[in-house]
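Heavy atoms only: backbone and side chains are in, while hydrogens, waters and symmetry mates are out.
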Amino acid sequence: MRRIPGMHSVRMSAVATVCVAAACGGDAPDVNQREPAYTAAAYTADNERGVVTSLRFTDITRSAGIRFTHETGASGEKWMPETMGSGGGFLDYDDDGLPDLFLVNGSRWPGHEVNGPASTPKLYRNLGGGQFEDVTSNAGLSFSIYGMGSAFADYDGDGDVDIYITAVGTNKLLRNDDGVFVDVTAELGVTGNDPGGNGPPAWSTAAVWVDVDRDGWLDLFVCNYVQWTPATDLFTTLDGKNKSYATPQQYRGESCRLYGNKGGRRFDDMTEAAGVFNPAGKSLGLAVTDINHDGWPDIVVANDTERNFLYLNDGDGTFTDIALRAGIGFDEFGRARAGMGVDVAVLGAAQEPSIVIGNFSREPLSLYKQIETGLFQDVAGNARLTRASMLMLTFAVMFVDLDMDGHLDLVTGNGHIEPGINAVQRDITFAQPPQLFLNNGSAQFTEVGDQVGGSFNEPVVARGLAHADIDLDGDLDLLITVNGGSPKLLRNDSPVADRNWVGITLRGRAPNRKAIGAVLTLYAGQLVQRHMIRTGSSYLSQSDLTTALFGLGELDSADSLAVWWPSDGKRTVFGEMEAGRRYLVREEGDGAKLEVLR
């Protein structure tokens, strides 16, 4: 989070030094250089006009059975974590083919408890037809922690999906035992904390399950934010009198951690050995991709007021951070932005990955396009994203084809950190509407949120975003998590008569039965769509992995599907696939088998 103009900070202790620059890292650029042009109020980048969409969303949160209010723990102290979370997402915990819904929750702070039931995360089982039931208690999830994010995967290879929750304090790994979750964090050693026990428990944020060494067992990468505790909390103020929420410049960063999965029975902390130890990071966003198409998963980390990281997988158990030479560490003026959420997708005909990062208000979205292997350029302006995102404080970003035309659109979840921001910055509000940027097919975007209904016209303090086809009708529905409020479950009610689709579910070999890391490439006429099965992205959230939905536009079939399998690096190809059907692709022997599900 960028330091808010006018904010002052004082450490509430006898002796301290507070960093108040725009970036506190050792490799920070000169803060006296000229101001980036995009911060000027007169910025007039063109936006496409007159775009009309038939996309429509309906807020079905209450009618679907979702009864949840996010607990921030706020009691007047204005402690920093209260304004930062939490996320959630979709997982098929009972393996019935329907995406269930999971919501992370905060808690009251020690010494500030109130009468009544403690806040817990919530698990809602999908009953079909857009209806959910609360199964939290029966699933063994009636515990309270100050939760931030979540990541879902089958870490032990037994065929069901497990849950990892990041937190302020020790994280939780919950093993799925026939629909009941058992806490195995201490046993397996994946707390997110310093393995030497030095210092207080970490403040963890994003996490992903990713097979970094391609041995079939899913490893765990966990982001940590800053070294904050109630005892080290700072007094910061916007008006010189009243306390405001702090920004991360005033705190030291904390390294991300990488845990190697050893046969589903234990995890080894391989952070330093793998070359990803970096205490300068203040990490919030995390995404997996393969930027050089070598079959080894690479990792993008979005940092808050520090430069971003891009960890290139060397294929030997180590990573090299190439963010600076790749051009994604800083903005084009050499400044670290306040990066929050991140997503990666292939946009356009070049079939090269693009990285989108949500930033602070007055810092527009970053859209880094790979122009040659290992080199990116921020094309947010050319993509028509800059002006529309200028005043938003964007936490979550997510590429998703909402109109099923075969081109990925972009959704953002926005909301400020400071409830009183409008008193000092009249053009910035605390609650902000989410945004929907429609892709015109040439990787240029137009914001159409005011046309689509649902909650896109309703300002909220959004944090996480995730998508799933909750009602199996062939289009993708949305979840928005709200800090201190009720989430928004938005059903996609867009007309689909002229928009066809194909759904693909993969089943890999044990132990990676969900085929995480596999890459699907669908060919349909002039459309070429590439999709990696991966966890994470967005902000503290995860979308459904059960089915990959590909939009076909007006086409009534796909020409072919190619699947690259991470287990052995082989590629299998299937022929024509009829629109409006879901297919199961099962890895078998030296190849794979295609079945029609429905």
Side-chain angles (χ1 to χ4, degrees), residues 1-4 7 9 11 13 16-29 31 79-81 83-85 146 148-149 166-171 191-208 221-234 236 245-258 269 271-272 274-287 299-311 319 321 323-324 328-331 335-342 357-360 363 395 417 539-540:
M1 294 175 294
R2 178 69 63 196
R3 181 170 179 253
I4 303 171
M7 175 175 281
S9 63
R11 184 181 293 275
S13 62
T17 299
V18 177
C19 176
V20 295
C24 304
D27 54 358
V31 297
W79 285 344
M80 192 177 177
T83 195
M84 295 298 292
Y146 205 101
M148 294 295 297
T166 62
V168 180
T170 299
N171 302 333
T191 62
N193 304 325
D194 185 322
N198 300 317
W203 175 357
S204 297
T205 52
V208 296
F221 195 102
V222 181
C223 283
N224 288 321
Y225 191 35
V226 295
Q227 297 181 27
W228 175 93
T229 66
T232 60
D233 183 65
L234 300 175
T236 60
Y245 283 110
T247 54
Q249 293 97 328
Q250 289 84 38
Y251 297 94
R252 292 182 178 179
E254 184 83 37
S255 179
C256 301
R257 307 227 69 88
L258 176 59
D269 190 311
T271 307
E272 295 195 42
V276 297
F277 179 78
N278 190 340
K282 299 176 181 180
S283 305
L284 289 176
L286 187 57
I299 296 173
V300 185
V301 179
N303 286 309
D304 190 353
T305 69
E306 299 288 343
R307 69 171 182 86
N308 302 314
F309 304 149
L310 176 54
Y311 290 116
F319 290 82
D321 182 6
L324 291 180
I328 76 160
F330 299 109
D331 69 8
R335 296 173 182 245
R337 293 183 182 178
M340 262 69 85
V342 61
I357 298 176
N359 299 305
F360 207 75
E363 293 179 341
F395 273 84
I417 63 164
Y539 175 75
L540 306 181

Check: N303 main-chain N/O paired with N308 side-chain donor or acceptor under 3.5 Å: yes

NZ-CD distance between K282 and E254, expressed to the nearest 0.5 angstrom: 11.5 Å

Check: L234 main-chain N/O paired with Y251 side-chain donor or acceptor under 3.5 Å: yes

Atom pair CG/OG1 of N193 and T170 - distance to nearest 0.5 Å: 4.5 Å

M148 side, atom CE; N171 side, atom CG - distance, nearest 0.5 Å: 10.5 Å

Test item: Y311 and L258 side chains (from C-beta on) under 4.5 Å apart, heavy atoms: no

Side-chain touch P279/F277, heavy atoms, less than 4.5 angstrom: yes

Q227 side chain vs G253 backbone, donor-acceptor pair below 3.5 Å: yes

Side chain proximity check, W228 to V168, heavy atoms < 4.5 angstrom: yes

Whether Y225 and W203 hold their rings parallel, tilted or perpendicular, with breakpoints at 30° and 60°: perpendicular

Separation between OG1 of T229 and CH2 of W79, rounded to the nearest 0.5 Å: 9.0 Å

Under 3.5 Å donor-acceptor, S283 side chain and T205 backbone: no

Donor-acceptor contact present, side-chain T166 to main-chain G149, <3.5 Å: yes

Interatomic distance, M340 atom CE to I357 atom CD1 [nearest 0.5 angstrom]: 11.0 Å

Short side-chain to backbone donor-acceptor contact, N224 and G192, under 3.5 Å: yes

